[in-house]
There are 2 protein chains.
Amino acid sequence: MTTNEQPLALPEIETKERILAAALKVFGEKGYHPATMAEIAEAANVGKGTLYWYFSSKEELFTGIIEQQIQTVNLELRSVLEAAEQPFPELLLTFTKVFLDYSYNKRQLSRIFMGTPLGFSDELRARMFSWHKEFLAINTELIQLGLKKGFFSPDLEVERVVTAFTGLLFAFSGRQFMEENGDQVEAEAVFIRDLITHGIAHQA
Amino acid sequence: MTTNEQPLALPEIETKERILAAALKVFGEKGYHPATMAEIAEAANVGKGTLYWYFSSKEELFTGIIEQQIQTVNLELRSVLEAAEQPFPELLLTFTKVFLDYSYNKRQLSRIFMGTPLGFSDELRARMFSWHKEFLAINTELIQLGLKKGFFSPDLEVERVVTAFTGLLFAFSGRQFMEENGDQVEAEAVFIRDLITHGIAHQA
DNA sequence: CTCCCTCGACCGAACGGTCGGTCAGTCAGG
DNA sequence: CCTGACTGACCGACCGTTCGGTCGAGGGAG
């Protein structure tokens, strides 16, 4: 109990982490179908067979990496909702910033996540569907919190608001085709909050 | 000159149209990579070789079909901008409606268009990039028109507004993962216009 | 009208290449 | 010397593309 601190990192874990990181990179750069296992193996500095020691298939590797990433964002977002005694516009701002921060840093994730959910096995498609629903659920919580706090008019359709909000999040997180002028997270989050609260027409 | 009216439709044209329609369908359902030429051929009721009589490669077939579709939307959108003596909020509404109408009917297109631009040849990637830029250009025209008409405050960053607007368009056109409650085009377009003009907070 | 030749749209078996997945084997550590 | 992490040559399935060939319409000659 005294000797085995953390010095010798279990090689098992290290390799698995290396594979996951490489998979995120390669899947993020090329998308699911064009990414090859050989490429991932090379990027992880392991043999192709090693991938199959840790993961039973390309799909499992893919779902593994995505689920891990999504849980990270979702956790962060949920913690924003929990610590929510700020007034709603502040909350909206923080939420937006957390999301944008995350997706600027892990650009690959949003690329994959935004990507067409097409041409996958039924199982994978269902999985992606449920990820998306979970993400929508968190956003719905946010919006409903706004409703409860009297920020939104009660006759607004929640689903519609959620669609709009996530659309804005994705649009600013992605900029997938364009060059990045990232790290304007603050300004962009403010813009989104303002757009939602009072619009962007010249005069009120 | 008197006899050869249009009775015998040139079989050539008919087949090519059939292939294009089949390609739109299959690419739209599965995305670029998982779609196979065999599948497209089957859907078009032609032999696989026939595809190569009309198109020199899978990529060319793909770019052909997309370019045709995109030009259609772009043309419609531009015509909205041209006939623009309406006040700006009306214009915004019409523009949005046209876009949503189109993409509800041709759902495949927006799926492909929104899809990850990943794992393509450099040439195809560049092509997709330019399609996207063209679409952004049209939206920029719209926003700039709003600026000229004094609808937007002059110190708003145009690019930011365009990003937000296209994000909203895509979010409502897509609903890619969700069931469709389409044909609410009118209501959704109104929602977007209102969001932009005065926000959706409870009181002004 | 008929025979035959030409032509080009169309076909699908086959080819070459790629990729996910396998497995017999290696080797370091205990 | 056993165990288990790890390897990479290899396999079979699949896919884009090619190519030799079919078929039927058109048209010219008899």
Side-chain angles (χ1 to χ4, degrees), chain A residues 3-4 7-23 25-27 29-66 118-125 127, chain B residues 1 3-23 26-27 29-66 118-125 127:
Chain A
T3 47
N4 58 351
L8 303 183
L10 301 170
E12 194 190 330
I13 290 178
E14 215 185 56
T15 303
K16 190 169 184 178
E17 290 306 312
R18 238 171 39 241
I19 292 175
L20 283 170
K25 179 168 180 291
V26 176
F27 280 133
E29 277 166 8
K30 317 196 108 184
Y32 179 74
H33 291 288
T36 72
M37 293 300 263
E39 221 175 339
I40 293 171
E42 200 185 349
N45 247 305
V46 298
K48 194 151 69 115
T50 310
L51 301 182
Y52 289 88
W53 179 262
Y54 292 98
F55 301 92
S56 65
S57 67
K58 187 186 184 185
E59 271 201 15
E60 204 204 280
L61 179 52
F62 183 68
T63 57
I65 189 70
I66 303 294
L118 304 174
F120 294 123
S121 74
D122 287 348
E123 202 190 336
L124 218 189
R125 179 193 291 262
R127 201 75 153 266
Chain B
M1 245 189 208
T3 47
N4 58 353
E5 293 299 66
Q6 99 290 32
L8 303 182
L10 302 170
E12 194 191 331
I13 289 178
E14 217 186 57
T15 302
K16 189 169 185 177
E17 291 306 313
R18 240 174 33 244
I19 291 175
L20 283 170
V26 175
F27 280 133
E29 277 167 8
K30 317 196 107 186
Y32 179 75
H33 291 289
T36 71
M37 294 300 264
E39 216 173 346
I40 294 170
E42 200 185 348
N45 245 308
V46 298
K48 202 148 63 115
T50 310
L51 300 183
Y52 288 88
W53 180 261
Y54 292 99
F55 301 92
S56 65
S57 68
K58 188 186 184 185
E59 271 201 16
E60 203 205 281
L61 178 53
F62 182 69
T63 56
I65 189 70
I66 303 294
L118 304 174
F120 294 124
S121 74
D122 288 347
E123 202 189 336
L124 219 190
R125 178 193 290 263
R127 202 75 153 267

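Predicted, not measured: the structure shown is a model, and the values here were computed from it. Below, read A as the first sequence line, B as the second, and so on, with proteins coming before strands; counting in each chain starts at 1.
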Write down the distance between [atom1] ([X]) and [atom2] ([N]), rounded to a whole number of angstrom.
X: B/E17; N: C/dC10; atom1: CD; atom2: P; result: 13 Å
X: B/E59; N: D/dC15; atom1: CD; atom2: C1'; result: 15 Å
X: B/K16; N: C/dC10; atom1: NZ; atom2: C1'; result: 16 Å
X: A/K48; N: C/dT18; atom1: NZ; atom2: P; result: 13 Å
X: A/L61; N: C/dG21; atom1: CG; atom2: P; result: 10 Å
X: A/Y54; N: C/dG21; atom1: OH; atom2: P; result: 18 Å
X: B/I40; N: D/dC15; atom1: CD1; atom2: P; result: 12 Å
X: A/H33; N: C/dG20; atom1: NE2; atom2: C1'; result: 13 Å

- Query: Are B/M37 and B/L61 close enough that some pair of their side-chain heavy atoms sits under 4.5 Å apart?
  - Reply: yes
- Task: State, with a plain yes or no, whether a side-chain heavy atom of B/L20 is found less than 4.5 Å away from one of B/F55.
- Result: yes
- Query: Counting any heavy atom closer than 4.0 Å, what does B/A44 reach on the DNA or RNA strands: base, sugar-phosphate only, or nothing?
  - Reply: nothing
- Message: Which is more 5' along DNA chain C, the nucleotide nearest A/G49 or the one nearest A/M37? Just name the residue.
- Response: A/M37
- Task: Assign the ring pair A/Y32 / A/F27 to parallel, tilted or perpendicular, where the plane angle (0 to 90°) is split at 30° and 60°.
- Result: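 Correct class here is parallel.
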Looking at [options], which one has an atom nearest to any side-chain atom of [X]?
X: B/V46; options: C/dG21, C/dG12, C/dC11; value: C/dC11
X: B/S57; options: D/dT17, C/dG21, D/dC15; value: D/dT17
X: A/T36; options: C/dC19, C/dC10, C/dA14; value: C/dC19
X: A/T50; options: D/dC6, C/dC11, D/dG8; value: D/dC6

- Query: Does a sphere of radius 6.0 Å around CD in B/E60 hold more than 12 heavy atoms from other residues, nucleotides or ligands, not counting ones at 6.0 Å or beyond?
  - Reply: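 Counting other residues, nucleotides and ligands, CD of B/E60 exceeds 12 neighbours.
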- Message: When you measure from the side-chain N and O atoms of A/Y52 to the phosphate of C/dG21, is any distance below 4.0 Å, counting only OP1 and OP2?
- Response: yes
- Message: Minimum heavy-atom separation for B/E29 and A/R125, please, with both atom names.
- Response: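 The pair with the smallest heavy-atom distance is O-NH2, 4.3 Å.
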- Message: At less than 3.5 Å, do the side-chain atoms of B/K58 and the base atoms of D/dT17 form a donor-acceptor pair?
- Response: no
